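Reviewing the structure listed below.
What you see is a predicted model, and the numbers here were worked out from it, not measured in a lab.
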Amino acid sequence: MSSAKQIPAKEHACSKCKKTFKFYLASYSYTLICPHCGAVYENYEGTVLPTSSKLKNTFSPSLPVGTAGSIKGKQYLIISASSKKEKGTSYFWEEYTLFNPIYGYAYLAQYNGHWTILEQINDAPIKEKGKTSYTYQGSEFELFAKYTSQLMHAAGEFPFKVDFSDHSVVEEYVCPPYILSCEKTSTDFVWFKGEYVTADDIRTGLKVTNLPARIGIGAAEPFYSSINGEAFKKVCIAIAVIFTVLQLYFSATCHDETAFIKMYSIADSLNNKEINTESFDLKYGTKNVDIKLREVLLIDFNKCNRIFF
Amino acid sequence: MITSKNFICPNCGKAYSLHLPPAVSICCAACGNVYTVDINGSTIDEEMNCKILPDENSLIILGATGLYNNDPFTIIGRIRSVNTLAISNEWVMWFEKSNTFQLLIESGLTYFVFSNKAAKANPNLVKNKAPGAVVNTENGSYAVVEATKQIQFKMEGEIPEDSLNVSEYFKVELSKPDGTEFASVCLYSSDVVEISHGKVLNIIELGLSTIDKFKDWK
């Protein structure tokens with residue numbers, strides 16, 4: 001766990017498992033879930049109150065709650081983790097709530113080793129009639145997936161009510177490396193804008209190891225190449241310069257001379273027998289040679305007369 | 001005429017100098033009891049206690065100072081509303097020069113300033129409007145982004161007496177498609193509906209006195 005950029009935490013001793021856990025949002029946190037045993041607490045009264053709920057299972061998120069570090073240049077503290085699945089399938093993913101005292105909340109999602117950081121946006125992207133894509137901030141986001149998500153596990157503190165019975169209808173639109181996600185429940189309708197984050201950025205930014213293995217291609221994963229854009233540009237320019245120089249050299253050193261000329265008569269055009277010319281010398285040494293063959297068709301009208309007249 | 005008025009907590013005896021004119025509600029920082037000082041100077045016990053966890057990681061706390069439209073202000077009060085989905089806060093910005101106040105709304109650590117006092121609205125304005133539906137108001141079209149029931153209120157410091165609300169009501173939050181303007185529709189009963197309009201505020205622009213505490217998080 002990273003010790004960077006820590007902020008004051010409160011500790012709560014779980015009344016069910018007796019272990020302590022930290023929380024950071026004080027009167028801003030709505031629900032607390034003991035990461036050790038899954039006991040659920042409500043904090044909306046302004047003080048931590050136990051509920052009768054306790055999650056059946058706990059889970060071990062890839063990133064521990066309380067980890068601090070930077071993602072995409074901003075400092076964050078992970079205050080909660082949850083596991084979700086697509087209803088009717090066995091697709092699971094993780095979601096983390098990130099906190100920055102100045103910039104507020106952000107969310108980090110992990111699926112098959114692919115990471116996306118998301119922030120809630122206040123505006124609603126515009127969908128043009130008859131299109132399945134959204135235009136947002138000048139970019140077109142194509143529909144990638146539409147599904148219903150179910151909350152399976154949770155741990156840590158949440159600035160909102162954690163409701164395991166509520167299912168969200170999620171629509172995702174991608175324009176790599178960005179993603180727009182719309183979550184709709186019976187009571188709210190929220191848009192998020194996300195950006196793909198490489199596992200290396202997560203590893204170095206949060207100083208963590210043992211991240212889930214990357215499988216396949218992420219929804220918002222851009223095309224990556226081992227050649228970076230600047231290097232590729234330089235190679236293209238170098239090739240163009242070399243070809244131009246060679247072309248100029250050959251143009252400057254070429255000579256116009258007739259090395260060999262002779263007329264051959266082929267009586268029968270269907271006769272494919274090879275013709276060997278006499279040998280000839282090239283005055284300027286080994287060079288590329290432009291060979292011009294000129295075909296002259298001579299018709300024997302006497303024979304034609306016999307056929308047509 | 002707005003004048004300061006001294007207030008002594010009837011429960012624990014702690015003394016306060018009020019910023020807001022009566023009628024004003026005050027929560028005693030020492031004991032958490034809430035009282036209202038009415039326009040005659042009489043003290044009414046609201047029979048509620050508002051002890052809440054101290055917020056060490058919040059940019060906005062009682063006593064924080066800053067600048068809004070180049071006008072210096074001090075945070076003197078807070079209304080903490082809990083709804084069926086989340087928690088929101090209304091912070092009272094008190095402007096010493098003009099001896100006036102304005103509410104700074106926080107929801108999900110996004111901040112808004114509401115430009116007007118709540119106005120009466122058509123009771124059918126948001127009727128049967130699910131999240132995502134479009135609502136047309138005098139200020140243009142908005143999308144319904146949230147529908148909640150306000151279930152609990154707490155306060156800190158001092159707040160205008162008419163902002164102290166201890167009864168439950170329904171609230172529908174609206175957003176313009178470009179995200180620049182917001183509206184809150186409060187449904188107190190089937191025929192008492194109010195709407196207020198607000199704009200998003202970048203909290204960093206307020207130059208809050210507390211921001212240095214979090215300089216490592218910039």
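- Between B:Thr84 and A:Thr187, the closest side-chain pair of non-hydrogen atoms is not below 4.5 Å.
- By a heavy-atom distance cut of under 4.5 Å, A:Phe23, A:Tyr24, A:Leu25, A:Ala26, A:Ser27, A:Tyr28, A:Ser29, A:Tyr30 are the residues of residues 14-32 of chain A near chain B, going up by number.
- For a residue to count as touching a neighbouring chain, one of its non-hydrogen atoms must lie under 4.5 Å from one of that chain's; by this rule B:Leu208 does not touch chain A.
- Within 6.0 Å of atom CZ in B:Phe170, 12 or fewer heavy atoms from other residues, nucleotides or ligands are found, so the atom counts as exposed in its surroundings.
- Contact of A:Asn43 with chain B is made through backbone and side chain together, with heavy-atom distances under 4.5 Å.
- Under the 3.5 Å distance criterion, the side-chain polar atoms of A:Lys161 are left unmatched by any main-chain donor or acceptor of B:Asn83.
- Of the atoms belonging to A:Phe99, heavy atoms from both backbone and side chain fall under 4.5 Å from chain B.
- Residues B:Asn57 and A:Pro8 are in side-chain contact: their nearest non-hydrogen atoms beyond the backbone lie under 4.5 Å apart.
- Heavy-atom distances place no part of A:Lys74 under 4.5 Å from chain B, backbone and side chain included.
- We find the CD1-CZ distance between A:Ile7 and B:Phe214 to be 7.0 Å, quoted to the nearest 0.5 Å.
- Residues that satisfy the side-chain hydrogen bond (donor to acceptor under 3.5 Å, both in side chains) test with B:Tyr111, not counting sequence neighbours, are absent from this structure.
- Heavy atoms of B:Val172 lying under 4.5 Å from chain A are absent altogether.
- For a residue to count as touching a neighbouring chain, one of its non-hydrogen atoms must lie under 4.5 Å from one of that chain's; by this rule B:Ile203 touches chain A with the side chain only.
- Around atom CD of A:Glu11, more than 12 heavy atoms belonging to other residues, nucleotides or ligands sit under 6.0 Å away.
- Contact annotation for B:Glu106: only side-chain heavy atoms (C-beta onward) come within less than 4.5 Å of a heavy atom of chain A.
- Proximity to chain A (any heavy atom under 4.5 Å) is restricted, for B:Ile204, to the side chain, taken from C-beta onward.
- Counting heavy-atom neighbours within 6.0 Å of A:Lys87 NZ, excluding the residue itself, gives a total of 12 or less.
- Contacts of residues 147-155 of chain A with chain B at a heavy-atom distance below 4.5 Å are absent; not one residue qualifies.
- The parts of B:Lys218 that come within reach of chain A are both its backbone and its side chain, each placing non-hydrogen atoms under 4.5 angstrom from that chain.
- Identified by a heavy-atom distance below 4.5 Å to chain B, the contributing residues of residues 100-109 of chain A are A:Asn100, A:Pro101, A:Ile102, A:Tyr103, A:Gly104, A:Tyr105, in residue-number order.
- Around CD1 of B:Ile8, the count of heavy atoms belonging to other residues, nucleotides or ligands within 6.0 Å does not exceed 12.
- The residue among B:Glu146, B:Lys51, B:Arg80, B:Glu56 with the most heavy atom pairs within less than 4.5 Å of chain A is B:Arg80.
- Taking both residues in full, the closest heavy atoms of B:Ala86 and A:Pro159 are given as CB-O, 3.8 Å, listed atom of the first, atom of the second, then distance.
- Only the side chain of B:Ser175 comes within contact range of chain A, with heavy atoms under 4.5 Å apart.
- Heavy atoms closer than 4.5 Å to chain B are found nowhere in A:Ser70, neither backbone nor side chain.
- In this structure, A:Tyr178 places its OH atom where only 12 or fewer heavy-atom neighbours from other residues, nucleotides or ligands lie under 6.0 Å away.
- Contacts with chain A were tallied for B:Thr210, B:Asn89, B:Thr148; B:Asn89 has the most, counting heavy-atom pairs under 4.5 Å.
- Of the two parts of B:Val82, only the side chain, counted from C-beta on, holds a non-hydrogen atom closer than 4.5 Å to a non-hydrogen atom of chain A.
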